[in-house]
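Side chains included, hydrogens not; waters and symmetry mates left out as well; all remaining heavy atoms used.
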Amino acid sequence: MTTTSVSEASISEERITPRRAAVEATTFSIILALSFSHFLNDTIQSLVPAIYPMLKLSYGLSFMQVGIITLTMMVTSSLLQPAVGFFADHRPRPYSLPAGMGSTLIGLLVLAHATSYPLLIAGAMLVGIGSAVFHPEASRIARLASGGRHGLAQSLFQVGGNLGSSLGPIIAAFIVIPHGQSSVQWFSGVALVAIMVLFGIGNWHWREMVVPRRRADSARAAATASASRSHGLSRRKIGWSLAILFSLLFSKAFYQTSIGTYYTFYLMSKFSLTISQAQVYLFMFLGSVALGTLIGGPIGDRIGRKRVIWASIWGVIPFALALPYLGLIWTAVFSILIGFMMASASSAIVVYGMDLVPGKIGTIAGLFFGLSFGLAGIGAAALGKLADTTSITFVYHVCAFLPLIGLLTVFLPDIGRNLRPAKAAAAAGLLAPMSGKPALEFAD
């Protein structure tokens with residue numbers, strides 16, 4: 001990209017032309033469409049753990065067997081996501097998103113009509129495959145459509161999933177549990193709506209990203225090489241930083257899966273709540289996770305990712321340590337605060353990783369989401385075994401110490417705050433004149 005084109009792009013940020021405004025509106029609508037699709041995807045996915053109490057009673061399952069269902073779904077997704085992300089970086093497939101949702105739809109129908117434990121496992125595996133295709137590719141497209149507002153885009157994308165996850169317990173409490181396992185198939189219409197939305201996103205991705213990319217590979221490669229040197233970190237430092245981020249994911253995944261999978265059992269055991277009552281408390285926790293995710297990303301754009309991660313860690317630790325010793329009301333209050341503060345770092349961790357390794361957006365997204373899913377699955381099985389051996393209350397005494405791992409954040413390098421979005425886009429060559437008209441050219 002020439003100096004002249006950078007200057008023209010910088011000047012153009014002072015004048016928002018109708019065409020540029022239309023382009024920005026279009027990309028923002030894509031982010032919202034991805035968020036809505038994430039909402040639908042995770043609404044379906046959240047039905048699986050939400051009906052665990054019913055499945056446990058119906059099939060006579062142990063906590064370990066319940067954990068293995070989660071393990072199957074999460075590990076299937078975990079193993080496939082990095083490969084899907086790596087492939088998407090090199091050979092984008094715009095219509096892979098609706099195809100992945102098709103796998104989720106089939107898995108949903110299998111779970112609705114399963115008559116044995118192996119069929120439950122098979123249905124969970126198909127849902128995991130759909131999730132593996134969805135998360136890295138959708139996250140990559142959200143960043144491409146961000147216009148430089150990476151934290152905001154990632155937060156909007158992730159909050160859709162959080163909202164969907166929070167609906168699972170409510171759906172289970174008021175629809176699935178009263179009407180039985182077969183009522184899960186009623187939500188196949190949700191999957192069909194998601195497929196249609198994702199097909200539209202695929203059309204946009206093909207029109208705006210894939211075809212222009214074939215005409216601009218050399219320019220984009222130069223921009224990526226320049227960006228990769230922007231933080232000035234050695235390969236060794238990048239490797240250690242990624243290892244620290246993975247440890248944060250371990251802490252976060254194990255703690256959140258302890259809530260997502262076993263919180264209802266904990267409340268039923270300690271406070272003698274019914275299944276429906278416990279599901280409402282789980283919904284409040286998951287709702288706070290959605291709110292924390294939404295707020296954390298834009299703040300990270302303004303003050304830096306590391307500061308957001310630090311605030312999240314220090315905020316969670318005292319509440320997590322106190323949670324196992326509280327009564328019902330304070331347990332609900334503290335769990336909401338924990339969910340909010342822990343989730344505020346979600347997008348910051350992912351975007352920090354993307355900033356460490358620019359140009360590998362799909363790979364990093366697949367690696368981070370895949371690791372999160374895999375660790376959550378392993379955590380569900382391990383904590384289930386621990387609950388069978390000891391008690392569900394003891395599990396929460398152990399998990400109270402997990403957020404302390406987040407203190408490793410002190411060793412993360414401060415790679416600085418983002419430039420203002422329009423300036424960042426201009427500096428990176430994202431805004432360039434084409435055919436005499438301003439247009440957005442996104443670099444991954």
Side-chain angles (χ1 to χ4, degrees), residues 40-81 84 98-135 164-165 167-195 257 260-265 275-276 278-279 282 370 373-385 387-388:
L40 298 178
N41 178 82
D42 283 23
T43 296
I44 295 171
Q45 188 171 315
S46 69
L47 286 174
V48 181
I51 61 175
Y52 283 165
M54 181 180 68
L55 296 178
K56 188 175 187 298
L57 292 174
S58 300
Y59 293 87
L61 306 179
S62 67
F63 282 117
M64 181 66 175
Q65 288 174 309
V66 169
I68 288 175
I69 298 175
T70 298
L71 177 65
T72 301
M73 182 169 62
M74 297 302 191
V75 170
T76 300
S77 180
S78 175
L79 293 175
L80 290 177
Q81 285 196 53
V84 171
M101 188 58 65
S103 175
T104 300
L105 172 60
I106 296 171
L108 191 68
L109 295 175
V110 171
L111 287 170
H113 297 283
T115 55
S116 65
Y117 184 66
L119 281 177
L120 292 176
I121 295 294
M125 184 178 294
L126 287 168
V127 173
I129 292 172
S131 181
V133 175
F134 176 81
H135 284 93
S165 296
L167 279 184
I170 297 298
I171 292 172
F174 296 104
I175 300 178
V176 178
I177 291 174
H179 295 91
Q181 179 183 341
S182 62
S183 62
V184 170
Q185 68 182 325
W186 299 348
F187 298 93
S188 58
V190 174
L192 291 174
V193 171
I195 288 172
T257 200
T261 303
Y262 299 112
Y263 190 45
T264 52
F265 295 110
I275 294 177
S276 297
Q279 296 284 17
L282 179 58
F373 276 62
L375 290 172
I378 293 171
L383 295 176
K385 179 63 175 178
D388 284 331

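- The closest donor-acceptor contact from the side chain of S131 to the backbone of V127 lies at 3.5 Å or more, if one exists at all.
- Here the closest non-hydrogen pair linking G130 and T104 is CA-OG1, 3.4 Å.
- Of the inter-residue distances, the one linking T115 atom OG1 with Y59 atom OH reads 6.5 Å to the nearest 0.5 angstrom.
- Screening S182, S183, S188 against W186 for a side chain to side chain contact (heavy atoms under 4.5 Å, CB included) leaves a single residue, S183.
- Taken to the nearest 0.5 Å, the CZ atom of F265 stands 6.0 Å off from the NZ atom of K56.
- Remark: of the listed residues I44, L47, N41, I44 is the sole one forming a side chain to side chain contact (heavy atoms under 4.5 Å, CB included) with V190.
- Nearest heavy atom pair, residue S62 against residue Q65, reads N-OE1, 3.0 Å.
- With a 4.5 Å cut-off on side-chain heavy atoms, Q81 and V84 do not count as touching.
- The main-chain N or O of M73 is never found under 3.5 Å from a side-chain atom of T76 such that the two would form a donor-acceptor pair.
- A donor-acceptor pair is defined here as one N or O able to donate and one able to accept, closer than 3.5 Å; such a pair exists between the side chain of Q181 and the backbone of L111.
- Distance check: I69 CD1 to L120 CG gives 5.0 Å after rounding to the nearest 0.5 Å.
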- prompt: Yes or no on side chain to side chain contact (heavy atoms under 4.5 Å, CB included) for H135 and D42, after CA distance, side-chain angles and deciding distance?
  reply: CA-CA 10 Å; H135 284 93; D42 283 23; 3.7 Å; yes

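- Side-chain atoms of Y262 come within 3.5 Å of backbone N or O of A380 as a donor-acceptor pair.
- Side-chain contact between Y52 and L61: absent, with no pair of heavy atoms (C-beta onward) separated by less than 4.5 Å.
- For the pair T264/I275, no side-chain contact is recorded, criterion being any heavy-atom separation below 4.5 Å from C-beta on.
- Contact check for L80 versus V133: no side-chain heavy atoms found under the 4.5 Å cut-off.
- Heavy-atom minimum distance, G164 versus S46: O-OG, 3.3 Å.
- Minimum interatomic distance between T70 and A376 (heavy atoms only, all atoms of both residues): CG2-O, 4.3 Å.
- By the 4.5 Å heavy-atom criterion applied to side chains, T261 and L383 are not counted as neighbours.
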